[in-house]
There are 2 protein chains.
Amino acid sequence: MKDGPNIALLGSLIGDPARANMLTALTSGKALTASELAGEAGITLQTASSHLAKLEAGALVHRRKQGRHHYFCLADEEVASVIETMMGFAAKHGALRTRTGPKDPALRKARVCYNHLAGEYGVRMFDSLCAQGYVKGSAKTLGLTGAGQEFLAEMGIDLQALATPRRPLCKSCLDWSARRSHMAGTLGTALLAQILTLKWAIRQPDSRAITFSRTGEKRFFEHFPV
Amino acid sequence: MKDGPNIALLGSLIGDPARANMLTALTSGKALTASELAGEAGITLQTASSHLAKLEAGALVHRRKQGRHHYFCLADEEVASVIETMMGFAAKHGALRTRTGPKDPALRKARVCYNHLAGEYGVRMFDSLCAQGYVKGSAKTLGLTGAGQEFLAEMGIDLQALATPRRPLCKSCLDWSARRSHMAGTLGTALLAQILTLKWAIRQPDSRAITFSRTGEKRFFEHFPV
DNA sequence: TTCATAGTTCGATGTTAACCGAAGCATTAT
DNA sequence: ATAATGCTTCGGTTAACATCGAACTATGAA
């Protein structure tokens with residue numbers, strides 16, 4: 001018989017400050033080396049190695065060896081979803097202890113969540129896609145409509161290339177700042193990529209923040225009205 | 001160090017097996033007393049009190065005093081959402097991990113939960129009652145069928161005596177082993193009492209463990225096939 | 001009042017796990 | 001080859017915390 005819910009195990013993995021810092025650093029979607037993650041968490045390399053082994057065993061992160069470097073990233077979007085959901089709760093209740101640096105407003109506005117767009121803009125995009133009838137269905141059964149396919153093609157997104165059997169095309173992800181859903185899945189990834197390709201916005205280095213240009217913001221609002 | 005977002009704190013709260021068991025028990029939505037939660041987690045009341053104080057301080061549960069009872073429930077929907085998300089992930093990556101402290105294997109097998117049978121045997125009994133069509137309905141509307149009444153009478157349980165207006169006759173109780181229910185309510189109480197009366201099993205003194213005799217186990221399996 | 005039940009608090013104990021120094025691999029550079 | 005870098009593993013120490021017994025508070029019942 002199974003023991004208590006493995007949710008305890010998952011919780012304890014996230015429950016360590018060092019590991020939590022690593023995981024939040026990885027929500028940027030970038031692959032980071034063990035040394036970089038050790039720096040993020042403020043611990044030595046040996047300790048980080050131990051933590052990363054545990055995170056890997058717990059299927060929270062994925063390791064990719066390249067030469068003498070070990071690159072880590074979040075295992076999948078579900079992990080990102082768990083982290084985001086927890087950050088949502090933590091941000092709401094721990095308002096006292098959350099350091100509100102200058103970065104925060106920008107992050108709330110638009111940021112990378114794993115590999116798709118989150119924040120106010122992410123929520124707006126998701127809502128707009130729903131309101132215009134481009135995507136339909138509930139959280140579980142989210143699908144693209146005919147009009148949606150047309151819309152995306154017009155935006156320059158190649159839907160054929162997105163047809164992976166493994167990852168779902170459409171998926172919603174709960175946002176921590178807005179407590180609303182935003183678009184994840186391969187479509188979410190493709191949309192963010194296209195936004196960056198079209199130079200509507202650029203990604204800030206060393207941050208999860210996404211900053212829109214004047215004209216880029218205008219285009220974005222045109223494409224995704226509320 | 002920058003103590004990261006309180007996601008670590010949240011994780012560590014959920015990360016303890018006892019607390020995780022309590023939280024999953026509360027996902028049923030029902031308000032449970034400290035004693036009931038202690039029984040579910042397989043710990044003493046003192047320990048449970050300590051855990052519940054921490055969960056309350058962390059805004060994960062809400063306490064409502066009523067007379068000499070303290071009723072606990074999840075603080076809000078967001079907490080339930082966090083738990084659900086984590087359970088979703090944990091379920092997918094099944095039992096691939098070493099979990100901490102089985103505490104007492106005997107407790108896992110069969111134990112008293114408040115006043116009814118829990119553990120493997122409790123789950124089996126509940127499943128069997130459902131499979132044989134003796135009880136029907138969902139978690140909210142759980143009722144005894146005609147065949148069920150007959151079955152219980154044959155076991156020597158006096159249904160008339162159980163007709164209390166105060167407590168529900170049938171009630172399911174979420175087990176440690178997340179997601180599986182066992183029989184609670186007055187019927188659950190009566191069933192355990194009868195098992196002890198028939199000497200199928202005895203209750204260990206100073207413990208919540210229930211130990212079945214060889215023949216008692218046989219009878220139990222006959223009455224409650226899977 | 002006296003007793004019983006439900007829960008909290010305190011103190012002591014035992015287990016766990018995070019942490020880092022040092023040594024051991026593995027890969028790349030010189 | 002030899003050195004240097006990136007990471008892992010081993011060992012021992014330290015700090016945190018889950019656990020339970022015992023004592024205490026509070027509400028309800030006899």
Side-chain angles (χ1 to χ4, degrees), chain A residues 3-4 8-23 31-58 61-73, chain B residues 1 3-4 8-23 31-58 61-73 97-104 107 112-115 166 176 204-209:
Chain A
D3 177 79
L9 186 61
L10 176 58
S12 67
L13 279 175
I14 305 175
D16 179 78
R19 286 193 292 260
N21 283 328
M22 292 180 175
L23 289 171
L32 301 174
T33 67
S35 300
E36 289 170 321
L37 288 168
E40 280 291 325
I43 54 180
T44 62
L45 186 53
Q46 311 96 286
T47 306
S49 177
S50 166
H51 284 309
L52 288 168
K54 286 170 188 170
L55 289 176
E56 189 184 16
V61 304
H62 174 253
R63 180 198 307 251
R64 192 182 48 201
K65 290 186 191 178
Q66 225 168 60
R68 53 182 168 180
H69 296 269
H70 290 212
Y71 286 94
F72 294 88
C73 58
Chain B
M1 293 321 95
D3 207 39
L9 189 67
L10 175 58
S12 66
L13 279 175
I14 305 176
D16 178 78
R19 286 194 291 262
N21 285 328
M22 293 179 174
L23 289 171
L32 301 174
T33 67
S35 300
E36 288 171 319
L37 288 168
E40 274 307 305
I43 53 178
T44 62
L45 184 55
Q46 310 96 283
T47 306
S49 176
S50 164
H51 284 309
L52 287 168
K54 286 170 187 169
L55 288 176
E56 191 184 15
V61 303
H62 174 252
R63 179 197 306 251
R64 192 182 51 210
K65 291 187 191 178
Q66 227 167 59
R68 52 181 168 180
H69 296 270
H70 291 211
Y71 286 95
F72 293 87
C73 58
R97 292 283 314 194
T98 68
R99 54 286 277 247
T100 50
K103 194 69 192 103
D104 192 352
L107 281 183
V112 174
C113 167
Y114 201 43
N115 49 21
R166 287 181 58 249
W176 275 22
Q204 295 298 337
D206 302 328
S207 166
R208 273 172 303 282

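First the proteins, then the strands, lettered A, B, ... as listed; each starts at 1.
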Identify whether any heavy atom of [X] sits under 4.0 Å from a base atom; if not, whether one sits that close to sugar-phosphate; answer base, sugar-phosphate or nothing.
{"X": "A:Ser50", "answer": "nothing"}
{"X": "B:Ala18", "answer": "sugar-phosphate"}
{"X": "A:Lys65", "answer": "nothing"}

Roughly how many Å is it from [atom1] in [X] to [atom2] in [N], rounded to a whole number?
{"X": "B:Leu32", "N": "C:dG7", "atom1": "CG", "atom2": "C1'", "answer": "16 Å"}
{"X": "B:Leu45", "N": "D:dA26", "atom1": "CG", "atom2": "C1'", "answer": "14 Å"}
{"X": "A:Arg64", "N": "C:dT27", "atom1": "CZ", "atom2": "C1'", "answer": "17 Å"}
{"X": "A:Met22", "N": "D:dC7", "atom1": "CE", "atom2": "P", "answer": "11 Å"}
{"X": "A:Ile43", "N": "C:dC20", "atom1": "CD1", "atom2": "C1'", "answer": "11 Å"}
{"X": "A:Glu36", "N": "D:dG6", "atom1": "CD", "atom2": "P", "answer": "10 Å"}
{"X": "B:Leu52", "N": "D:dC17", "atom1": "CG", "atom2": "C1'", "answer": "16 Å"}
{"X": "B:His51", "N": "C:dG7", "atom1": "NE2", "atom2": "P", "answer": "16 Å"}

Test your reading of the model: is there a side-chain donor-acceptor pair from B:Arg19 to the backbone of B:Ser12, 3.5 Å cut-off?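 The answer is yes, because a donor-acceptor pair under 3.5 Å joins these two groups.
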[atom2] on [Y] to [atom1] on [X], rounded to 0.5 Å:
{"X": "B:Phe72", "Y": "B:His62", "atom1": "CZ", "atom2": "NE2", "answer": "10.0 Å"}
{"X": "A:Leu13", "Y": "B:Ile14", "atom1": "CG", "atom2": "CD1", "answer": "12.5 Å"}
{"X": "B:Ser49", "Y": "B:Ile43", "atom1": "OG", "atom2": "CD1", "answer": "10.0 Å"}
{"X": "A:Leu52", "Y": "A:Glu56", "atom1": "CG", "atom2": "CD", "answer": "8.5 Å"}

Between A:Arg19 and B:Thr47, which is nearer to the 5' end of DNA chain C once each is assigned its nearest nucleotide? B:Thr47
A:Lys54 side-chain proximity, nearest of D:dA18, C:dA18, C:dG7: C:dA18
Quick one: is [N] close enough that its OP1 or OP2 comes under 4.0 Å of any side-chain N or O from [X]?
{"X": "A:His70", "N": "C:dT27", "result": "no"}
{"X": "A:Arg68", "N": "D:dT8", "result": "no"}
{"X": "A:His69", "N": "C:dT28", "result": "no"}
{"X": "B:Ser35", "N": "C:dG7", "result": "yes"}
{"X": "A:Ser49", "N": "D:dT8", "result": "yes"}
{"X": "A:Thr44", "N": "C:dC20", "result": "yes"}

Can you tell me whether the side chain of B:Gln46 and the base of D:dG21 have a donor-acceptor pair closer than 3.5 Å? yes
